[in-house]
Amino acid sequence: MKQAADIRHVVLAGSGVMGASFAQIFAAHGYSVTLYDIAKEALDKAASLIAINQKAMVDQGALTQEESRDLVQQIRYTTEKEVFTRADFVLEAIVEKMAVKHSFWSEVSELVGEDVVLATNTSGLSISQIAQAVKHPERFAGMHWVNPPHLIPLVEVIAGEKSSPDCLETIRSLALRLEQHPVMVHKDPPGFVLNRLQYALLREACHIVEEGYASLEDVDSVMKYGLGMRYACLGPFETVDFGGIDVFYNVGSYLFGQLCNDTCVPRIIQENFEAGRLGVKSGAGFHDYSGDKAAKAIAKRDAEFLKLSQCLFGKREDV
Ligand SMILES: NC(=O)C1=CN([C@@H]2O[C@H](COP(=O)(O)OP(=O)(O)OC[C@H]3O[C@@H](n4cnc5c(N)ncnc54)[C@H](O)[C@@H]3O)[C@@H](O)[C@H]2O)C=CC1
Ligand SMILES: O=C(O)[C@@H](O)C(=O)[C@H](O)[C@@H](O)CO
């Protein structure tokens, strides 16, 4: 099975929000990169998203104009599946639908070399279940990044029931070579670790807004100026240690029973979804991204993440 040191040519499947960022990360670290998608227009959209990201990096001084130009030239785009026959590593970031991932992997795992490690960026679908469509499933695992992956370093390396230790180690050490922060997730419950935490919080955030406890804007502020600041430096268990386990025990004794425990998608998310308000990608979501607001919002987000990343982790050479 290929080790991280053997990987040169990476094929990234799915040129959407995540795939476009992955292309920049791998290219910035010297890999030969091909972005594959079924839709030519998706590849064209990825190229323009990469241009926005790269302009933000150059504006922030993270890259020179020449470095950015060289990086962009390393990325190729194709709708031809034949590219998988030449892959040393495949990272899949196609649509989050089990049937589509099954169809993709049953075809692609026949095309790639038998020693090629395969990874999926699924947000929370069962790795073991996706692996049912993969030839040689021992070389398949989850490699779950956080959006935007070119700025947030966490990568969950998730073991499916058949993922071999060598496969997990290849993915872990590849993440380190990409200057990411891999964490090992030993089982593949829905949502793994990050999304279980994120969606528990998101459920409560929606509940707070739906019940009229606070506005959507102020709930965002509670995260940005309160919990998010603290969680950027201390994890939940470190936070409890600093606050006092006795205090958290006492508060928890009356509060855990009061939190939202709904099992359906929150109403305000469902309403936006059904109205086609998908967020930045559609020009509107909880906030407005019409006209040039989307590009400005991405640039503002990237600038703030970059400043925070440099404060917390030092100046990263790759972004
Ligand atoms: N958007 C996010 O914040 C994050 C998403 N993810 C996961 O990453 C994956 C991709 O998510 P996004 O990039 O947001 O999706 P997206 O919708 O932006 O892009 C998906 C891309 O896959 C392409 N595609 C669909 N079916 C395909 C197929 N059979 N073969 C090749 N290409 C195909 C589409 O044309 C599209 O360009 C999903 O599994 C998602 O759950 C993981 C972490 C964060
Ligand atoms: O939040 C992230 O970037 C990841 O944890 C995800 O998987 C996605 O956000 C997903 O939850 C929905 O886009």
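Note that ligands are numbered from 1 as they come in the structure, with each ligand's atoms numbered from 1 the same way. Side-chain atoms are counted along with the backbone in the values below, which use heavy atoms only and exclude waters and symmetry mates. Nothing fancy with the numbering, it's 1 onward along the sequence.
- Given atom 1 (O) of ligand 2, the protein heavy atom at minimum distance is Gln198 NE2, 2.9 Å.
- In terms of protein heavy atoms, atom 18 (O) of ligand 1 is closest to Val17 N, 3.0 Å.
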Taking it one step at a time, do His9 and Thr34 satisfy side-chain hydrogen bond (donor to acceptor under 3.5 Å, both in side chains)?
CA-CA 8 Å; His9 180 214; Thr34 303; 2.8 Å; yes
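- Remark: side-chain polar atoms of Gln60 are not paired, donor with acceptor, to backbone N or O of Leu306 under 3.5 angstrom.
- Using a 4.0 Å cut-off between charged nitrogen and carboxylate oxygen, Lys135 and Glu114 count as a salt-bridge pair.
- Using a 4.0 Å cut-off between heavy atoms, His144 contacts ligand 1 through its side chain alone, with no backbone atom that close.
- Both the backbone and the side chain of Ser123 come within 4.0 Å of ligand 1, judged by heavy-atom distances.
- Side-chain N/O atoms of Asn195 and Gln198 include a donor and acceptor closer than 3.5 Å.
- Checking only distances, Ser123 does come within under 3.5 Å of ligand 2, N or O to N or O.
- With ligand atoms numbered from 1 in the order given, ligand 1 contributes 26 (N), 29 (N) to contacts under 4.0 Å with heavy atoms of Val100.
- Relative ring orientation between Tyr213 and His207 is described as perpendicular, the plane-to-plane angle rising above 60° on a 0-90° scale split at 30° and 60°.
- In this structure, atom 8 (O) of ligand 1 lies nearest to the protein heavy atom Asn121 ND2, 3.0 Å.
- For atom 3 (O) of ligand 1, the nearest non-hydrogen atom of the protein is Asn147 CB, 3.2 Å.
- Here the heavy atom of the protein found nearest to atom 12 (C) of ligand 2 is Tyr199 OH, 3.2 Å.
- For atom 35 (O) of ligand 1, the protein comes within 4.0 Å by at least one heavy atom.
- Of the N or O atoms in Gly14, none lie within a sub-3.5 Å distance of an N or O in ligand 1.
- Among all non-hydrogen protein atoms, the one lying nearest atom 39 (O) of ligand 1 is Glu96 OE1, 2.5 Å.
- With Glu92 contributing its side chain and Ile94 its backbone, the two residues share a donor-acceptor pair below 3.5 Å.
- Which parts of ligand 2 touch Val146 is read off a 4.0 Å heavy-atom cut-off, strictly below it: atoms 3 (O).
- Looking at heavy atoms from C-beta onward, Trp105 lies in side-chain contact with Val90 at the 4.5 angstrom threshold.
- Between the side chains of Ser290 and Asp288, at least one donor N or O sits under 3.5 Å from an acceptor N or O.
- Look at Glu304 and Lys307 and you find no salt bridge, because none of the NZ, NE, NH1 or NH2 atoms lies under 4.0 Å from a carboxylate O.
- Residue Leu194 approaches ligand 2 through these ligand atoms, each under 4.0 Å from one of its heavy atoms: 5 (O).
- Distances below 4.0 Å separate heavy atoms of Lys101 from the following atoms of ligand 1: 39 (O).
- Summary of contacts: the protein heavy atom closest to atom 23 (C) of ligand 1 is Asp37 OD2, 3.3 Å.
- Annotation: atom 3 (O) of ligand 2 to nearest protein heavy atom, Asn147 N, 2.8 Å.
- Ring centers of Phe104 and Phe84: under 6.0 Å apart, within the cut-off.
- Atoms of ligand 1 found under 4.0 Å from any heavy atom of Trp145, numbered from 1 in the order shown, are 43 (C).
- Put simply, CZ on Phe273 and OG on Ser282 are 11.0 Å apart, with the number rounded to the nearest 0.5 Å.
- A donor-acceptor pair under 3.5 Å is absent between the side-chain atoms of Ser68 and the main chain of Thr64, judged by distance alone.
- Residue contacts with ligand 2: His144 is included, with a non-hydrogen atom under 4.0 Å away.
- Below 4.0 Å from some heavy atom of Thr122 lie the following atoms of ligand 1, by number and element: 39 (O).
- Judged by distance alone, with hydrogens and angles left aside, the side-chain atoms of Gln74 form a donor-acceptor pair with the main-chain N or O of Ala27 at under 3.5 Å.
- When only non-hydrogen protein atoms are considered, atom 30 (N) of ligand 1 lies nearest to Ile38 CG2, 3.5 Å.
- Of the protein's non-hydrogen atoms, the one nearest atom 11 (O) of ligand 1 is Met18 CG, 4.1 Å.
- Among all protein heavy atoms, the one lying closest to atom 20 (C) of ligand 1 is Ala93 O, 3.8 Å.
- Checking side-chain atoms of Asn250 against main-chain N and O of Val247 turns up no donor-acceptor pair under 3.5 Å.
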